[in-house]
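I have placed the structure first, in the form of structure tokens, so that the comments after it can refer back to it.
Below, all heavy atoms of this structure are taken into account, side chains as well, without hydrogens, waters or symmetry copies. Only a predicted model underlies this, so the values are computations on that prediction, with no experimental measurement involved. One-based numbering, in listed order, for ligands and for the atoms of each.
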Amino acid sequence: MSITPLMPVYPRCEVRPVRGEHCHLISEDGRRFLDFASGIAVNALGHSNAHLIGAIQRQAAELMHVSNLYGSPQGEKLAQRLVDLTFADTVFFTNSGAEAVECAIKTARAYHSHGGNDHKFELISFKNAFHGRTMGTISASNQEKMHHGFLPLLPGFKYVEFDDLEAAKAAIGPNTAGFLVEPIQGEGGIRVGSDAFLQGLRALADEHDLMLIFDEVQCGVARSGTLYAYEQFGIEPDILASAKGIGAGFPMGACLATEKAARGMVFGTHGSTYGGNPLAMAAGEAVLDVVANDAFLADVRAKGDRIRSRLEQFIGNYPELFDHVRGRGLLLGLKLRVEPRAFVAHMRDSHQLLTVAAGDQTVRIIPPLVIDDSHIDEFMEKLSAAAASFVPQAQPA
Ligand SMILES: *Cc1c(COP(=O)(O)O)cnc(C)c1O
């Protein structure tokens, strides 16, 4: 037998973390890494956060799980908090981002079905988007590398260019149910949708009675400097998928919707055994306790601005390596002039700095939201040492 016990679907690197200390990870072999990857924008509170650990420990001892057959004081409380803090009137809790997007897709289809329009099932989604790895969510993305070996895809998705309002408008037809869009593409390379694009989608949705779904699995929960990114574009979606940072390491997600958008999500239409269990709700509460206030959000924006301006001053020293910096808050993308994977590996292996590669030749800089200036200094030191010692051709891919 040559297959590994862990199904070998990830090309895992040689770092094997066994402990987390705030914004650092310690590996099995004792090395200490600065974690500006945050488990792919998940560990919003860093590692070993006392408030999150305490909340999970207390809830684990009290009640972990009962299923959705019973009333949920824990779920009601967190749902009410999210409703109070956002555009939404109602929330469905999931265990992952892909499941939150699945719920969003079903909510949009059910909206039209409930209105007697079963033929309005098609979502217009955007090239280089990432919505997850289930059959539904890979079907929602045009990325062929995720489709290979898994055909046929689910019908009901049409892909158009991101940030191209005219293309989105032209794609609307009799079967269109709505738009599914990341307001800031994450895996696609930290590409921020323009105000005109996102506001234009809102206007088209209003005009044609379509659902506007925002996938904020990566950019949501304070990552972009507001609790949800939509707040920065002066519009509200009808449906929103949230996950990653919402549990800050505890696996959970949420699908948020307005009352109107959720009109088809009635008894028996959807479910999840684990979704919204008391343990997950305790984690979600603890995260909101920390991030859902103006002071914290202003701090995220200020730290993002500091990293960004230091990066902008720095990258001019290596014009053959770095192109530009983009993003919002602590969701930053450093676009390179070379393939990013080798440079990400070099920062990791030679300078103990963790970042994440993304599409469009971009390195994602997604630190815990609780970094302070010492971490920003350490980041800049490691990055500049890495840039100085990087030899593009000699790096393994
Ligand atoms: C990570 C991600 C997902 C999928 O989340 P999982 O928890 O891995 O299922 C969906 N959408 C976006 C924008 C993401 O970044």
Side-chain angles (χ1 to χ4, degrees), residues 7 9-10 12 37-44 92-108 123 125-143 145-147 150 154 157 159 162-163 178-193 198 201 212-224 228-230 232-233 237 239-256 272 274-276 280 283-284 287 327-333 355-360 362-366 369:
M7 196 180 275
V9 294
Y10 280 104
R12 294 168 186 272
S38 304
I40 317 186
V42 168
N43 301 104
F92 182 87
F93 290 111
T94 69
N95 313 291
S96 68
E99 285 175 280
V101 177
E102 289 278 352
C103 181
I105 294 167
K106 286 180 73 175
T107 302
L123 289 172
S125 60
F126 296 88
K127 292 187 183 168
N128 301 312
F130 182 79
H131 298 298
R133 293 293 202 144
T134 60
M135 281 307 307
T137 55
I138 64 172
S139 301
S141 168
N142 78 318
Q143 295 195 51
K145 63 176 194 269
M146 297 198 297
H147 298 163
F150 302 114
L154 299 185
F157 298 95
Y159 322 122
F162 181 68
D163 215 19
F179 302 107
L180 170 59
V181 63
E182 295 163 89
I184 305 174
Q185 284 194 338
E187 307 292 316
I190 316 297
R191 295 166 69 205
V192 183
L198 295 168
L201 293 183
L212 179 62
I213 306 172
F214 273 13
D215 180 347
E216 293 217 24
V217 170
Q218 190 154 160
C219 61
V221 195
R223 176 59 55 188
S224 73
Y228 284 98
Y230 73 80
Q232 297 177 41
F233 300 95
I239 305 169
L240 180 149
S242 183
K244 292 205 163 89
I246 199 172
F250 193 91
M252 67 173 289
C255 175
L256 285 62
S272 165
Y274 283 135
V287 172
R328 293 276 170 95
L330 288 170
L331 181 62
L332 294 171
T355 58
V356 194
D360 196 33
T362 302
V363 175
R364 270 177 284 180
I365 296 157
I366 40 181
L369 305 181

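The minimum heavy-atom distance linking A254 with T94 is given by the pair N-OG1, 3.7 Å. The heavy-atom pair separating V287 from A248 by the smallest distance is CG2-CB, 3.5 Å.
For ligand 1, the polar-atom distance check finds no N/O of E187 at less than 3.5 Å from any of the ligand's N/O atoms. For G97, a nitrogen or oxygen atom sits less than 3.5 Å from a nitrogen or oxygen atom of ligand 1, counting backbone and side chain alike. Among the atoms of V101, none of the N or O lies under 3.5 angstrom from an N or O of ligand 1.
Looking from atom 9 (O) of ligand 1 to the surrounding protein, the closest heavy atom is A98 N, 2.7 Å. F130 O, 3.3 Å is the protein heavy atom nearest to atom 12 (C) of ligand 1. What sits closest to atom 11 (N) of ligand 1 on the protein, heavy atoms only, is D215 OD2, 2.7 Å.
Other residues, nucleotides and ligands place more than 12 heavy atoms under 6.0 Å from the OH atom of Y159.
Contact of the R328 side chain with the V192 side chain is registered, since non-hydrogen atoms from C-beta on lie closer than 4.5 Å. Looking at F214 and C219, their side chains never come closer than 4.5 Å, going by heavy atoms from C-beta outward.
Set against the non-hydrogen atoms of S96, the atoms of ligand 1 under 4.0 Å away are 7 (O), 9 (O). Numbered from 1 in the order shown, with element, the atoms of ligand 1 that lie under 4.0 Å from a heavy atom of G132 read 4 (C), 10 (C).
The pair R364-E187 meets the salt-bridge criterion, with a side-chain N (NZ, NE, NH1 or NH2) lying under 4.0 Å from an Asp/Glu carboxylate O.
Here the side chain of H131 pairs no donor or acceptor atom with the backbone of E182 at under 3.5 angstrom.
If you check each of K244, E182, Q218, M252 against atom 2 (C) of ligand 1, the one with the closest non-hydrogen atom is K244.
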